[in-house]
Amino acid sequence: MSQVGSRFSLSAVPGRVRVLFEGHEVADSARTLALTETGRKPVFYFPREDVQMSVLKANGHVTINADLGRAAWFTIMRDAKIVEDVAWAYDQPIGEAELIAGYVSFRPEHVEFETEGLVNPVLHVPPMDPPYAD
């Protein structure tokens, strides 16, 4: 496990994790990371190359996290269904958070996670209120 500042920890997730949107796979990785912020549940991050980026489109929404940096948000478009802000990525995270550069995370209220090797799957994303700000 790697410490990311004093407020975060980052660890490799054992086994495979898949992300499904409306029953369609949008990510599948054995290289998933879990970022845990003090007082919050872990959040999955997937290497971009393990995400079907063809169904995601950058939507111009940006949030700032003082410890991680600038997050760019994505809209998903699949089977004529469109959902705004379904995923985000820190393309240039700051400090030790640079380990999540090139990774994408998903909001669990819009997708399902299938895990292999985890007893308690991670199903939570921090809300977009402080420390996030537009």
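The figures here come from the full heavy-atom set of this structure, side chains too, leaving out hydrogens, waters and symmetry mates. On a predicted model such as this, the values are computed, not experimentally measured, just so you know.
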Does His110 form a side-chain contact (heavy atoms from CB on, under 4.5 Å) with Ile76? I'd like the steps, not just the answer. CA-CA 10 Å; His110 299 300; Ile76 193 165; over 6 Å; no
Going hydrophobic residue to hydrophobic residue with side-chain gaps under 4.5 angstrom, can you get from Met53 over to Met77? no
Answer yes if Leu35 and Leu99 sit in the same cluster of Ile, Leu, Val, Met, Phe, Trp and Tyr residues linked by side chain heavy atoms under 4.5 Å apart, and no otherwise. yes
Donor-acceptor pair, side chain of Asn65 and main chain of Asp67, under 3.5 angstrom: yes
Go through Glu114 and Leu20 one step at a time and tell me if the side-chain contact (heavy atoms from CB on, under 4.5 Å) criterion holds. CA-CA 8 Å; Glu114 287 185 353; Leu20 303 173; 3.3 Å; yes
State the CD-OH distance between Glu98 and Tyr90, to the nearest 0.5 angstrom. 15.0 Å
How close do Val43 and Ser105 get, heavy atom to heavy atom, and via which atoms? CG1-OG, 3.0 Å
Decide salt bridge (charged side-chain N to carboxylate O under 4.0 Å, His left out) for Arg78 and Glu22; before the verdict, give the C-alpha distance in whole Å, the side-chain angles of both, and the deciding distance to 0.1 Å. CA-CA 8 Å; Arg78 181 91 198 220; Glu22 299 290 316; over 6 Å; no
Of all residues at least two apart in sequence or in a different chain, which pass the side chain to side chain contact (heavy atoms under 4.5 Å, CB included) check with Asn59? His61, Trp73, Thr75, Glu84, Asp85
Partner residues of Gln52 under the side chain to side chain donor-acceptor pair (under 3.5 Å) criterion, sequence neighbours left out: none
Is there a path from Val83 to Val51 through hydrophobic residues (I, L, V, M, F, W, Y) whose side chains come within less than 4.5 Å of each other? yes
NZ/NE/NH1/NH2 to OD/OE distance under 4.0 Å, Glu116 and Arg16: no
Passes ring-ring contact (aromatic ring centres under 6.0 Å, His included), Phe106 versus Phe44? Steps please. CA-CA 7 Å; Phe106 294 86; Phe44 286 141; over 10 Å; no
I'd like to know if the side chain of Thr115 and the backbone of Val17 have a donor-acceptor N/O pair within less than 3.5 Å. no
So, are Arg31 and Glu49 salt-bridged, with charged N and O less than 4.0 Å apart? yes
May I ask you to check whether Trp88 and Tyr103 show a side-chain donor-acceptor distance below 3.5 Å? no
Looking only at heavy atoms, what is the nearest atom pair of Ala66 and Ile94, with distance? O-CD1, 3.3 Å
Roughly how far, to the nearest 0.5 Å, is the OH atom of Tyr45 from the CG atom of Leu33? 10.0 Å
Not counting sequence neighbours, which residues clear side chain to side chain contact (heavy atoms under 4.5 Å, CB included) with Gln92? List them please. none
For Ser29 and Phe46, the nearest pair of non-hydrogen atoms, with its separation, is CB-CD2, 4.0 Å
Residue pair Phe8, Thr36: steps toward the side-chain contact (heavy atoms from CB on, under 4.5 Å) verdict: CA-CA 5 Å; Phe8 298 92; Thr36 306; over 6 Å; no
Would a 4.5 Å heavy-atom cut-off, applied to side chains only, mark Pro108 and Phe113 as touching? yes
Regarding Asp50 and Arg18, does a basic nitrogen lie under 4.0 Å from an acidic carboxylate oxygen? no
Mind listing the closest non-hydrogen atom pair of Ala101 and Asp91 along with its distance? CB-O, 4.1 Å
